[in-house]
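In what follows, a structure is listed as structure tokens, so that the remarks can point back to it.
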Protein chains: 2
Amino acid sequence: MSITATDAARGLAGVDERLQRFFDEKEALAGDQGEHFVALWAALRRASIGGKRIRPSLVLHTARELGCDRPQAADAVAAAFELLHTAFLLHDDVIDGDTRRRGKPNLIGEFYAGARSHGVAERAALAWSSAAGILAGDLLLHAAQALIARLDIDEGRRLGLLDLLDRTLSVTAAGELGDVALSVGTATPSLADALTVTRAKTAHYSFQAPLQAGAILAGAGSREHDALSVFGHRAGIAFQLRDDLLGVFGDPAVTGKSNSVDICRAKLTPLVAYALGTEHGPRLRLIMEAGAPRDVDVASAREILMHSGACEFVEGLIDDHVAAAEAALREAALPETLHERLIAIAHEAGARSW
Amino acid sequence: MSITATDAARGLAGVDERLQRFFDEKEALAGDQGEHFVALWAALRRASIGGKRIRPSLVLHTARELGCDRPQAADAVAAAFELLHTAFLLHDDVIDGDTRRRGKPNLIGEFYAGARSHGVAERAALAWSSAAGILAGDLLLHAAQALIARLDIDEGRRLGLLDLLDRTLSVTAAGELGDVALSVGTATPSLADALTVTRAKTAHYSFQAPLQAGAILAGAGSREHDALSVFGHRAGIAFQLRDDLLGVFGDPAVTGKSNSVDICRAKLTPLVAYALGTEHGPRLRLIMEAGAPRDVDVASAREILMHSGACEFVEGLIDDHVAAAEAALREAALPETLHERLIAIAHEAGARSW
């Protein structure tokens, strides 16, 4: 993503330093609490490295360009959003039974492999690694709020950020629950249900909340705050819809993730929900419900998604959301550099190949 | 427990009111986020009801008797400890695969039964209920800190309570991880390992931390704070060791929990770890590792625990910890009513039959 590859890396040094200091402190304290706990914190540090830092970047650039006078507080909030992201990924991985992320074993996969190499039976190693994933997520979920609760800023901004975090946790947990409900449901999920999950599970905490956090840090007025909120909502949905397309049609060498897992897992994205509602639906359902589809079945599912009009439909939705994001920004008189940057982010969120 | 049955219930009305208000607010907000999320909050309210309120009672009585001038803040902290307790129980239940607690289906059991009654297959219903348990715990873990982060008290006390919560989360998560490690380990766990888990997983957050929270709320001096900390540490261990004995020899009608599950699950408490180190160890190991022991095997395990000297050993440990708890209190000049009350609590923690 050029927003991270070019200028987002610029200015994120403070966040990286804050995160390193955080993990240094936690690992030092963990020493009193047994080897497994030390290993857990070391794995948590690895889990938080290698991400694209999209959320911290949104927090920081918004805060700075709207005139935030507390750079250290902004770094801490940006770090908190990265920890929150890692916490959500960890619990999502436990819930989905995923043992890999970003092309490598994730924390759960590491703990599983470690136990197996010590002779632990498969079932016990699964229980162990899943427990490690739950506890690891708990630690970071707590840590994200702990950073915000200790901010050395005026009470109004601190409470505003705490309220935002409450809302973020609630929306994201509801989205995750809705996502699991779609995958276990007996009824055919509607396109509307699938879109609700898209919005709640990822778009809110990845785009809307970080932008709102930046606005709160800068003490922005309600007009700017509202515009950023609508912008983030729309850009976040575009980002997630593109993610769904890349999860089926992307190049794993570029995205760093499989382009068959979503089909194999019968993941009910808006893309799939649309196709299921067309005349091609029954064929797609057969493939996706078959349990462990072969490569040739995955290829068929891809063709169905193309021919059913689902891809076109989702591409159209992305365009609509990017346009709505742009329109929202015009409602507020943001500094020009921030305005331009956000427009570029919205376009990239919808058009990226990574 | 007489400490809850007699005078602890007195004065807990503020906490109960605070918790009801908390759940009212959350359920009202959940309405926007789908039926499953509403059901999750309703189940969370049920999960938080019916406990013995031991932790809120320790917070409140300590705070009040040491002269805390902010009763509403004390109620909020007491409520936070109850939410934290429920959060830990939920994630512990997910980790252990438990679907019942306090003689009824727990939140996970409720979600499982609900899915099954809607025709969801067993495996999918298990995944769904486990996801619900993880997310439910996340919500309360977050909520406990959210209450403390918003306390309307001076910054010194607020930061002191946030630090205490950090430490509590860390110690408890490490204890839980250690507990799972004992149950999946390939090596025979030592008695020392089992005692470390006892201390970390339960004693800290159930006794030591609530007492410290009360001291912080009251602005107590370091001498009182330290005495309460040591007292809570010792009384908490006595409480948990008694819990282990009741988990094998207790009357389910009084304790509200099974007295065979710990043996069936091969739970490596200090009681069991001691027995495994005696000449009776191999027989006990055979029973506990057999998978699904019959009633007659559970009865044999009980006899082995008696004859190996393990019960006597644990009873002796309990006496030592209760005595050490008493001795710690003598180091501080606490108000007489608090002193007497805590002595009674330590004795009851070690001697209770419930």
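Reminder, nothing fancy here: chain letters follow the sequence lines and each chain counts from 1.
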Region of B/S130 in contact with chain A, defined by heavy-atom distances below 4.5 Å | neither
Output, in order, the C-alpha distance, side-chain angles, deciding distance and verdict of side-chain contact (heavy atoms from CB on, under 4.5 Å) for A/R167 and B/L29.
-> CA-CA 9 Å; A/R167 172 100 186 127; B/L29 288 170; 5.6 Å; no
A/G178, A/A125, A/G34, A/A146: which one forms the most heavy-atom pairs within less than 4.5 Å of chain B?
-> A/A146
With chain A, the option among B/G97, B/A124, B/A30 that has the most non-hydrogen atom pairs under 4.5 Å is B/A124
Residues B/V171 and A/Q33: closest non-hydrogen pair is CA-OE1, 3.3 Å
So, for A/W128 and B/V180, which heavy atoms are closest and what is the spacing to 0.1 Å?
-> CE3-CG1, 3.7 Å
Which residue pairs pass the side-chain hydrogen bond (donor to acceptor under 3.5 Å, both in side chains) test when at least one of the two sits in residues 171-185 of chain B, sequence neighbours left out?
-> B/D179-B/K201
Side chain from CB out, backbone as N, CA, C, O: work out which of these in A/D32 comes under 4.5 Å of a heavy atom of chain B, or both, or neither.
-> neither
Measure the CD1-CD1 distance between B/I134 and A/I95 for me, rounded to the nearest 0.5 Å.
-> 4.5 Å
Crowding at CD, A/E155 (>12 non-hydrogen neighbours, <6.0 Å) | no
Just how far is it from atom CG of A/L177 to atom CD of B/E35, taken to the nearest 0.5 Å?
-> 10.0 Å
Sort A/A173 into side chain, backbone, both or neither according to what part of it lies under 4.5 angstrom from a heavy atom of chain B.
-> both
Over 12 non-hydrogen atoms of neighbours within 6.0 angstrom of CD in B/Q72 | no
Do you know the tightest heavy-atom contact between A/R158 and B/A149?
-> NH1-O, 3.0 Å
Scored by heavy-atom pairs under 4.5 Å with chain A, the best of B/A131, B/A127, B/S170 is B/S170
Gap between atom CG of B/L159 and atom CZ of A/R150 - 0.5 Å precision = 6.5 Å
In terms of heavy-atom pairs under 4.5 Å, which option from B/D92, B/D163, B/L40, B/T196 contacts chain A the most?
-> B/D163
Nearest atoms (heavy-atom pairs only) where B/Q145 meets A/H142 = NE2-O, 3.0 Å
Side chain, backbone, both or neither: which part of B/L165 has an atom under 4.5 Å from a heavy atom of chain A?
-> both
